[in-house]
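The next block holds one structure in the form of structure tokens; read it before the comments.
We're numbering straight along the sequence, starting at 1.
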Amino acid sequence: MAEDVVVAGVGMHPFGRHSGRSLKDLARVAGLRALLDAGIGPQGVQMVYSSNAMAGMLQGQEMVRGQTVLREIGIEGVPVVNVENACAGGSTAFAQAVMAIRSGAADVVLAIGFEKMFVADRSRTLDALESAADLDVVAGLGIQFTAVYGMRLRVRLADGSITRQDLADVSVKSHANGARNPYAQHRVQVTADQVLESRTIADPLTLLMCSSICDGAAAVVLARGGALPQPGRPTVRVLASASTSGFTLDPAGGPSGATLCAQRAYEQAGAGPGDVDVAEVHDAMAPAELLYAEQLGFCPPGDGARFFRSGATALDGRLPINPSGGLASRGHPVGATGLGQLAELTWQLRGEAGERQVHRPRIALAQNSGGWLEGESAAVNVHLLERTQRWT
């Protein structure tokens, strides 16, 4: 690595329904909070990577989305790179910011993501979401994202490695975590019966297992090690930043995109899944946590449900997963999601997560996937963060 990279500041606008606020309002709150957290003003930013997925289709703002919102923060005259990478856009902006610092192109870079999905005509949002797939494949198969998740889970239900009770229980856990998160969209605890009895979206998935339409923004200030002071609090540094794109799956079976990306991140960090103390994974449908636990190496293939039932992924477990509540509870404003994960993990590593704080984490993993090709996510990013100071 050419340069050590640290997370100097993070900020979020609460995820949820914000009908009275514009896209610029959401981004301004998250961006200024991140700058304040980093102890700098807008003039301290040397480069920006800006993530948004839907403003072109939903607000009519194309091509210069980042520039239009950043001038509201006071960031002008520096390179602004607009990133669009489906649900993985926020983590892609983070990855590019890390790369810029490691290359020596900049010392202080802002990664920001923002999305406003609530519009008068809900069908426009659903069409925008559907455009994150290969449209030729989608048209040929006649399926949607939720159906893809449903098919994968039905295979596991059929072989007995996962039960419907597991699907409900992991959703209950996610909502319980989200209820402790002031930035979460859904802050209400639910029961397993409520989850199972809610409306079916794509069998076996029900409404309370799925993420919903959401507005929100998140931002992260990254800096070259030593470029910005971090007085009085632990330093969080980037151990690894890995990315991959979708590929044609081997008919005989083979590792998923998330697995390959995680393997690259572990190799960069000189660490393994057993070193991870807390994780945020891309559970657009809460039961996806069970599958990602396997794909990221936290447990053997086929053991995701058993791993969950052991209590390992609870807030007080060996490896808490989605302490924020995850996408299904914290919310999934597409362009901001990956950066929301990284903000949460930064708070966890600093010991600033309040009621949802896990016990003394040192290494954190964020996995964010986006879009869909035939049988695989179109984009995957995995990042590893480390608290450099010992807990006292």
Side-chain angles (χ1 to χ4, degrees), residues 3-13 15 23-53 55 61 63-85 88-115 183 216-230 233 235-238 241 243 333-347 350 366 368 381 383 385:
E3 295 286 354
D4 203 17
V5 181
V6 302
V7 177
V10 296
M12 287 181 64
H13 184 294
F15 291 2
L23 202 60
K24 292 180 179 180
D25 293 332
L26 302 175
R28 181 169 56 248
V29 169
L32 289 176
R33 285 179 174 176
L35 295 178
L36 182 64
D37 193 43
I40 62 173
Q43 291 72 33
V45 175
Q46 300 171 354
M47 185 179 291
V48 180
Y49 288 91
S50 173
S51 166
N52 176 271
Q61 180 61 67
M63 302 189 188
V64 291
R65 301 171 195 172
Q67 289 88 336
T68 63
V69 302
L70 289 163
R71 63 194 298 268
E72 297 289 314
I73 302 173
I75 298 176
E76 299 178 291
V78 299
V80 175
V81 180
N82 290 287
V83 175
E84 184 174 327
N85 211 9
S91 60
T92 300
F94 183 95
Q96 294 300 303
V98 170
M99 192 181 303
I101 294 171
R102 286 179 175 170
S103 72
D107 289 336
V108 180
V109 182
L110 174 68
I112 187 168
F114 45 90
E115 207 74 68
Y183 293 95
V220 177
V221 176
L222 290 160
R224 177 180 53 80
L228 295 176
Q230 294 283 287
R233 71 181 184 201
T235 298
V236 174
R237 74 183 182 104
V238 179
S241 175
S243 304
V334 174
T337 291
L339 289 164
Q341 292 180 324
L342 290 155
E344 172 68 21
L345 293 176
T346 299
W347 287 321
R350 289 181 186 167
N368 182 210
N381 296 297
H383 302 293
L385 306 181

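Residues Val81 and Gln96 fail the side-chain proximity criterion, which asks for heavy atoms closer than 4.5 Å. When side chains are defined from C-beta on, Ser91 counts as touching His383, because their heavy atoms get closer than 4.5 Å. Considering only heavy atoms from C-beta on, Val7 comes within 4.5 Å of Leu222 through its side chain. Phe94 is listed as a side-chain neighbour of Val238, based on a closest heavy-atom distance under 4.5 Å. Side-chain contact between Asp37 and Arg233: present, with at least one pair of heavy atoms (C-beta onward) separated by less than 4.5 Å. Residues Leu385 and Leu342 have side chains in contact (heavy-atom distance under 4.5 Å, counting atoms from C-beta outward). Here the side chains of Ser51 and Asn85 are not in contact, with every heavy-atom distance at 4.5 Å or above. Counting only heavy atoms from C-beta outward, the side chains of Ile40 and Leu228 approach each other to under 4.5 Å.
Using modelled atom types, one side-chain atom of Arg33 and one backbone atom of Met12 make a donor-acceptor pair closer than 3.5 Å. Side chain of Glu115 to main chain of Gly335: a donor-acceptor pair is present (N/O by atom type, distance under 3.5 Å, no hydrogens or angles). For Asn82 (side chain) and Gly66 (main-chain N/O), a donor-acceptor pair under 3.5 Å exists by modelled atom type. Checked by atom type and distance alone, the side chain of Asn52 pairs as donor or acceptor with a backbone atom of Phe114 at under 3.5 Å. A donor-acceptor pair under 3.5 Å is absent between the side-chain atoms of Gln61 and the main chain of Ala55, judged by distance alone.
The distance from the CD1 atom of Ile75 to the CD atom of Gln43 is 8.5 Å, given to the nearest 0.5 Å. Summarising the geometry, atom CZ belonging to Arg224 is positioned 4.0 Å from atom CG belonging to Asp107; distances are rounded to the nearest 0.5 Å. Atom CZ of Phe15 and atom OG1 of Thr337 lie 5.5 Å apart (nearest 0.5 Å). For the atom pair CD (Gln67) and CD (Glu72), the distance works out to 13.0 Å, reported to the nearest 0.5 Å. From Ile101, atom CD1 reaches atom CD of Gln46 across 8.5 Å, with rounding to the nearest 0.5 Å.
Taking both residues in full, the closest heavy atoms of Met47 and Ala100 are given as SD-CB, 3.8 Å, listed atom of the first, atom of the second, then distance. Here the closest non-hydrogen pair linking Asn381 and Ala95 is OD1-CB, 4.4 Å. Counting all heavy atoms, side chain and backbone alike, Gly216 lies closest to Leu26 at N-CD1, 3.8 Å. Annotation for Gly90 and Leu339: closest pair O-CG, 3.4 Å, computed over non-hydrogen atoms. Taking both residues in full, the closest heavy atoms of Val78 and Val45 are given as CG1-O, 3.5 Å, listed atom of the first, atom of the second, then distance. The shortest heavy-atom contact between Val334 and Ala53 is CG1-CB, 3.7 Å.
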inquiry  = Please evaluate residues Ile112 and Ile73 with respect to the criterion side-chain contact (heavy atoms from CB on, under 4.5 Å), reporting the C-alpha separation (whole Å), side-chain torsions for both, the decisive distance (0.1 Å), and the verdict.
reply    = CA-CA 12 Å; Ile112 187 168; Ile73 302 173; 4.2 Å; yes
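In this view, Asp25 and Arg28 satisfy the salt bridge (charged side-chain N to carboxylate O under 4.0 Å, His left out) rule, not counting sequence neighbours.
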